[in-house]
Structure formats: structure tokens, C-alpha cells
Amino acid sequence: MMEHVEQHKVGSLNKSSIAIIGVLAAAVFWGTSFGVAKEAMLYTGVLMFLVIRFCCTLVVIYPLVAKKINWKVWRQIAPTGAILSIIYLAETYGLKHTTASNAAFLISLFIIFTPSVDALINRHKIAVTDLFAGVIAIAGVWLLVGDSLNTVDFNIGNILILIAALGRAAFVVTTKKKMDTQPSDPMVVTFIQLSVVTLVCIFLLILTVPSEQYVLPNAMNFWLYIGYLVVFCTLFAFYIQNYGVKHTSPTQVSFLLGLEPVFGGLFAHWWLGERFDSIQWIGAGLIVFAAMFISLKFSFRRRIKTSHVAEIEKPIR
């Protein structure tokens with residue numbers, strides 16, 4: 001009996017360790033995705049890049065969800081796919097016009113925007129702690145994109161990334177609301193949302209790009225970048241995030257994923273040769289601090305709520 005308990009403890013410990021390492025890897029992959037995507041777009045335009053990337057992703061996901069899709073779920077989830085389309089278009093065009101490191105840090109602001117968007121959509125008050133995190137984040141943005149302490153350079157790339165971050169916040173809130181109304185397999189939801197993104201990108205490609213430019217890049221590097229984004233930054237990262245939530249605490253998952261912009265900045269520094277001055281590093285640090293503050297606050301709140309429910313549901317002995 002004791003041996004069985006010990007084996008169970010070891011098994012749980014191994015799963016927890018795998019989860020922590022996996023979630024950390026997901027943060028690394030998501031962080032590096034900005035630099036990799038920027039490199040991939042040297043070979044083709046934004047819309048062609050998005051169409052290729054998500055067509056490849058859908059081909060891989062489809063066998064996993066083919067038997068689970070129904071039109072009721074399609075109708076329920078499709079509007080969130082429209083929001084995701086705006087996010088990817090703004091994010092990718094923004095990445096084209098700003099640095100990968102700026103994009104990595106600015107996109108993490110969606111964590112700061114989420115409480116405000118949630119309060120607006122679900123009509124409740126914003127907590128003082130959320131306002132505090134917002135002020136810290138604004139100061140961080142000022143230092144990150146400014147030429148000095150007195151001037152700020154909001155070029156079109158930075159503005160588009162901020163729009164994408166705001167879109168991500170709206171996407172998180174609306175997707176949760178839809179899934180609460182119509183519970184669905186997360187993989188099916190992902191497939192439907194990415195299908196809408198792909199259709200929107202194909203439509204815009206046909207509408208705005210001359211047909212003679214519909215050429216698939218033949219450079220091996222481009223397809224290696226696409227493979228990396230599909231396999232590691234989409235399939236692996238989303239799976240391991242769910243695995244991590246199941247086998248470790250939400251606080252650990254939030255903390256590790258909060259490191260995504262750090263890895264993004266470091267990767268852009270190493271891979272693309274991008275440089276931050278000391279003021280920009282302080283700004284980036286403030287953004288990461290604000291994002292992790294919000295993430296850990298939400299995780300702590302969920303843990304307290306779960307513990308309270310568990311205490312109530314304990315059988316009386």
C-alpha cells in the first residue's frame with residue numbers, strides 16, 4: 001500500500017515537472033514567434049504569409065477534430081474568429097513596421113487590457129489593483145517606444161500592435177462568454193476560429209493582391225519558419241498550456257507564460273540583432289511586471305475561490 005502511494009507521488013511529481021518545463025518551453029516558443037514571423041515575411045507579403053501559415057495549421061488540426069465539428073458550434077464560435085482575424089492582421093502588419101522585441105512586449109499588454117474590456121462587456125467595476133497595473137504598463141510603454149523621457153514615437157507598427165493587444169483582450173472575454181454559453185472542445189474552438197481567420201485572409205488576398213503575386217516561396221528557410229510556427233508555436237504551445245493547467249497550479253502557469261515577452265526580447269536581440277537602451281529595458285521590465293501582477297492576481301483569486309468551494313463541499317464526518 002505504501003509503495004503504491006509512493007509511486008503515485010512520484011508519478012504526480014514527474015507530471016508536474018513535465019508541465020512546468022513544457023509551459024516554460026511554450027513561453028519560449030511564443031516569445032520567439034515574433035522574430036521568426038518577421039524573418040518569414042522577408043520571403044512574402046503579410047497576407048500570403050498568414051494564408052500559408054494558417055492553411056498549414058488547419059491541415060494538421062483537422063484530423064483531430066473532424067468528428068467533433070457541428071454547425072451549432074460553428075455559429076456560436078465564428079464571431080470570435082472575426083475578432084481573431086483583426087488581431088492577426090494588426091499584429092502581423094504591425095510586426096512588419098516595428099521591431100520584434102517591441103511587438104513581444106507591447107502585445108503582452110492584452111493582460112492589462114483584459115480587466116477593463118471585461119468590465120465594459122460584462123458591466124462591472126474595475127478593481128483599483130487593475131488601475132494600478134494599467135498605470136505601470138502605460139509608464140512602461142512610454143519608456144519602451146520613446147526616443148527619450150520627454151518624447152514618444154508611436155509609429156504605425158507600435159499602434160497596430162497595441163490594437164492587436166486590445167483585440168486579444170476582447171477575444172479572451174468574448175470567447176469565454178461564448179464557451180460558457182455553449183461548452184465545446186477547445187481544439188474544435190481553435191479550429192473554427194483559425195478557419196475564419198484563414199477565410200478572411202484569403203478574401204483580403206484576392207481583393208487586394210494581384211493574382212500574379214500568388215507565388216509560394218521556394219526558399220527552404222521560409223518553410224522551416226512556417227513549420228516552426230505551426231508545430232511549436234501553435235499545436236505544441238496550446239496543448240502544453242492545457243496540460244500545464246491540469247498538472248500544476250494556475251499561478252505557476254501564469255507566471256511562466258508571463259515570461260513570454262522576455263524571451264521574445266532576448267530572441268530578437270540574439271537572432272535579429274535588435275538593441276534596447278537602458279531606458280527601453282526599464283520600460284520593458286515595467287510592462288512585464290504589470291502583466292505578471294495581473295496574471296498572478298487572477299490566479300490567486302481563482303485558487304482562493306476553488307479552495308472555498310472545496311471547503312464547502314467537504315462531507316461532514
Side-chain angles (χ1 to χ4, degrees), residues 19-20 23-24 26-27 30-31 80 83 87 91 101-146 149 152 154 158-159 161-180 241-242 244-246 248-265 279-312:
I20 290 170
V23 172
L24 184 62
W30 274 335
T80 64
I83 298 174
I87 294 167
E91 186 177 296
S101 44
N102 267 21
F105 285 106
L106 290 175
I107 201 68
S108 67
L109 288 171
F110 87 91
I111 299 173
I112 311 300
F113 294 151
T114 299
S116 299
V117 173
D118 184 37
L120 183 65
I121 292 176
N122 294 313
R123 300 187 178 184
H124 60 76
K125 292 182 179 180
I126 302 174
V128 175
T129 50
D130 296 335
L131 293 175
F132 165 75
V135 171
I136 296 296
I138 290 169
V141 171
W142 183 281
L143 296 177
L144 180 67
V145 304
L149 288 175
V152 176
F154 268 109
N158 293 329
I159 292 171
I161 296 295
L162 286 173
I163 291 172
L166 186 60
R168 277 199 190 192
F171 174 74
V172 168
V173 175
T174 54
T175 298
K176 184 181 186 309
K177 201 168 184 178
K178 293 286 186 183
M179 291 188 71
D180 286 346
Q241 182 182 17
N242 292 332
V245 170
K246 183 177 180 180
T248 188
S249 72
T251 302
Q252 287 177 310
V253 173
S254 297
F255 180 83
L256 293 171
L257 290 180
L259 295 173
E260 176 192 338
V262 177
F263 292 123
I279 294 296
Q280 288 177 304
W281 277 118
I282 294 172
L286 289 175
I287 291 173
V288 172
F289 170 78
M292 295 184 74
F293 175 81
I294 291 290
S295 296
L296 294 175
K297 189 197 77 167
F298 283 158
S299 296
F300 179 75
R301 185 185 296 169
R302 283 197 300 269
R303 188 171 60 182
I304 292 296
K305 185 177 179 180
T306 303
S307 300
H308 179 64
V309 171
E311 192 69 32
I312 292 173

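Values below: every heavy atom of this structure, side chains too, minus hydrogens, waters and symmetry copies. Just so it is clear, the model here is predicted, and its values are computed rather than measured.
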Item to check | side-chain contact (heavy atoms from CB on, under 4.5 Å) involving Ala119 - partner list, sequence neighbours excluded | outcome: His124, Ile126
Item to check | Exercise: identify the closest heavy-atom pair between Phe171 and Ile87 | outcome: CB-CD1, 3.5 Å
Checklist entry - What heavy-atom pair brings Ala290 and Ile136 nearest, and what distance separates the two atoms? => result CB-CG2, 4.0 Å
Checklist entry - Listed by chain and number, what are the side-chain contact (heavy atoms from CB on, under 4.5 Å) partners of Ser108, not counting sequence neighbours? => result Pro261, Ile287
Next on the checklist: I need the minimum non-hydrogen distance between Gly265 and Ala104, along with the two atoms involved.
Outcome noted: N-CB, 4.3 Å
Checklist outcome for this item: Rounded to the nearest 0.5 Å, the CG atom of Leu166 sits from the OG1 atom of Thr114 at a distance of 9.0 Å
Next on the checklist: Please enumerate all residues that pass salt bridge (charged side-chain N to carboxylate O under 4.0 Å, His left out) together with Glu91, with sequence neighbours excluded.
Outcome noted: Arg168
Checklist outcome for this item: Sequence neighbours excluded, the answer for ring pair (Phe, Tyr, Trp, His ring centres under 6.0 Å) partners of Phe289 is none
Next on the checklist: Let me confirm one number: the CG-OG distance from Leu106 to Ser101, rounded to the nearest 0.5 Å.
Outcome noted: 9.5 Å
Checklist entry - How long is the span from the CZ atom in Phe132 to the CD1 atom in Ile112, to the nearest 0.5 Å? => result 10.0 Å
Next on the checklist: Please enumerate all residues that pass side-chain contact (heavy atoms from CB on, under 4.5 Å) together with Ala165, with sequence neighbours excluded.
Outcome noted: Ile107, Leu109, Phe110, Phe113
Item to check | Partner set under side-chain contact (heavy atoms from CB on, under 4.5 Å) for Leu120, not counting sequence neighbours | outcome: none
Checklist entry - How many angstroms lie between CG in Leu286 and CD1 in Ile138, if you round to the nearest 0.5 Å? => result 12.0 Å
Next on the checklist: When you compare the side chain of Asn102 with that of Ile161, does any pair of heavy atoms fall below 4.5 Å?
Outcome noted: no
